[in-house]
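Taking it in order: structure first as structure tokens, then the write-up.
Values below: all heavy atoms of this structure, side chains included; hydrogens, waters and symmetry mates excluded. Residue numbers start from 1 in every chain, and the chains themselves are labelled A, B, ... in the order their sequence lines are given, proteins ahead of strands.
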Amino acid sequence: MTPEILAALVAARRKRQPAVLATRLPDGAQRLLAAPFATDGLAQAAVAALHQQQSRTASLADGIWLLEVHAPPPRLFVIGAVHIAQVLVPVAAAVGFTVTVIDPRQAFATAERFPEAALSVEWPDEAFDALAPDRQTAVVALSHDPKLDDPALDRALRSEAFYIGALGSRKNHAERLRRLADLGHDAMTLARIHGPAGLAIGAVTAPEIALSIAAELVAAWRGSPLARRPRPE
Amino acid sequence: MPTTDATDVLATAAAWLAEGDSIALAVVTATWGSSPCPVGSRMAIGASGRMAGSVSAGCVEGAVARAAGEVIASGEPRLLAFGVSDDQAWGAGLACGGKIEVFVEKLA
């Protein structure tokens with residue numbers, strides 16, 4: 001690999017731009033492929049690998065190529081710098097998420113409490129406008145405070161976020177759905193919210209709940225049926 | 001979603017190169033059976049002896065590092081095969097019974 005190709009790969013990551021490094025085996029000829037993609041066979045095979053988010057080899061007319069997908073890592077936005085977040089953040093970071101904790105209460109959102117996360121002390125609506133959630137983004141509302149959770153969930157529902165979760169009892173969740181419906185979200189859209197967030201592992205304590213949410217995040221990212229949402233009636 | 005992201009390993013390699021180290025880069029090109037590191041998993045090896053990333057969660061890293069030394073010296077890339085049937089060739093069988101192929105090239 002040339003230092004130039006390596007530098008281009010690292011730069012693409014910094015800009016969260018997906019790229020595919022193609023290496024011919026065994027002679028090591030290389031091409032870095034990124035948008036806008038060419039129309040030749042190698043570029044189109046790279047597009048397919050990128051779509052499936054999976055590195056693999058492809059047999060083409062000029063040999064066997066390793067197609068190495070360098071997609072930006074999924075992001076996790078956590079609303080509420082609360083106790084559960086302190087357990088969820090390091091677990092999510094270890095699994096591979098790039099984590100941002102959003103909480104305007106500066107006494108809670110500190111680097112000391114969240115060494116693995118970026119911190120935003122803006123209000124969630126402003127933070128979301130700046131961070132621009134995309135299809136590789138998960139959003140988890142943990143604050144229990146509608147002033148923080150509701151605007152975050154509203155913005156998340158207007159994005160392509162692959163996972164939206166919110167903490168709270170079923171009664172509180174039903175009230176939350178009514179408030180979000182008043183903001184113009186229909187039943188199909190509201191059904192995207194995992195509420196209460198987390199896989200049903202019988203979690204009781206804050207760390208257990210954090211673990212159940214982390215497991216559901218992985219299930220959603222990997223397309224496991226465990227994270228599927230029921231259709232609204 | 002590997003714990004050691006392949007792009008991060010490459011960024012580490014870029015930093016080592018900037019420090020003047022000679023670097024070999026390894027990548028998993030194929031796996032059969034159980035293998036903890038999927039295709040695309042990356043490992044960087046410096047001539048100074050340091051390593052980042054992983055291609056097998058510990059089973060063949062030693063053999064890859066030895067091959068990396070030869071690749072840094074010769075500049076010629078190599079495609080290595082590891083598995084139950086190849087443990088004689090590389091002295092590195094996989095306890096899990098899986099097979100992997102690893103491509104090693106010089107960063108230059």
Side-chain angles (χ1 to χ4, degrees), chain A residues 1-30 32 49-50 52-58 64-76 91-98 136 138 214 217-222, chain B residues 1-32 35 37-46 52-55 67-68 70-72 74-81 99-108:
Chain A
M1 190 184 303
T2 65
E4 290 73 29
I5 284 182
L6 178 57
L9 254 176
V10 173
R13 162 59 55 90
R14 209 174 303 119
K15 289 180 278 184
R16 287 189 66 80
Q17 282 173 353
V20 174
L21 176 64
T23 304
R24 190 166 60 194
L25 304 174
D27 72 353
Q30 263 168 348
L32 185 62
L50 205 52
Q52 294 171 357
Q53 302 240 23
Q54 197 163 30
S55 299
R56 57 189 163 90
T57 49
I64 293 171
W65 291 80
L66 171 66
L67 302 171
E68 211 182 312
V69 173
H70 290 268
R75 292 186 293 175
L76 169 64
V91 174
V95 167
F97 285 89
T98 301
Q136 279 81 43
L217 282 172
V218 173
W221 177 246
R222 293 298 187 192
Chain B
M1 216 183 313
T3 43
T4 309
D5 181 85
T7 321
D8 293 341
V9 173
L10 292 178
T12 301
W16 291 350
L17 187 73
E19 291 169 15
D21 206 351
S22 295
I23 310 294
L25 297 171
V27 61
V28 176
T29 59
T31 67
W32 296 266
S35 174
C37 295
V39 171
S41 299
R42 278 278 180 189
M43 181 176 160
I45 305 99
S54 178
V55 291
E70 296 165 21
V71 167
I72 288 171
S74 73
E76 291 300 315
R78 294 181 62 177
L79 189 58
L80 313 173
K99 280 171 66 183
I100 63 170
E101 234 174 56
V102 179
F103 180 72
V104 186
E105 63 182 328
K106 187 174 182 180
L107 177 57

Distance in Å, A:His70 NE2 paired with B:Thr7 OG1, rounded so as to fall on 0.5 Å steps: 5.0 Å
Do A:Ser55 and A:Glu68 have side-chain N/O donor and acceptor atoms under 3.5 Å apart? no
Chain B shares the most heavy-atom pairs under 4.5 Å, among A:Leu25, A:Val10, A:Thr57, with A:Leu25
Of A:Leu21, A:Ile64, A:Leu6, A:Thr23, the largest count of non-hydrogen pairs under 4.5 angstrom with chain B goes to A:Leu6
Whatever's closer than 4.5 Å to a heavy atom in chain B on A:Leu9 counts as both
Which atoms of A:Ile5 approach chain B - backbone, side chain, both or neither, heavy atom under 4.5 Å: neither
Can you find a pair of side-chain heavy atoms, one from B:Ile100 and one from B:Cys37, that are under 4.5 Å apart? no
Under the side-chain contact (heavy atoms from CB on, under 4.5 Å) test against B:Leu10, which residue among B:Val27, B:Leu25, B:Leu107, B:Ile23 passes? B:Leu25
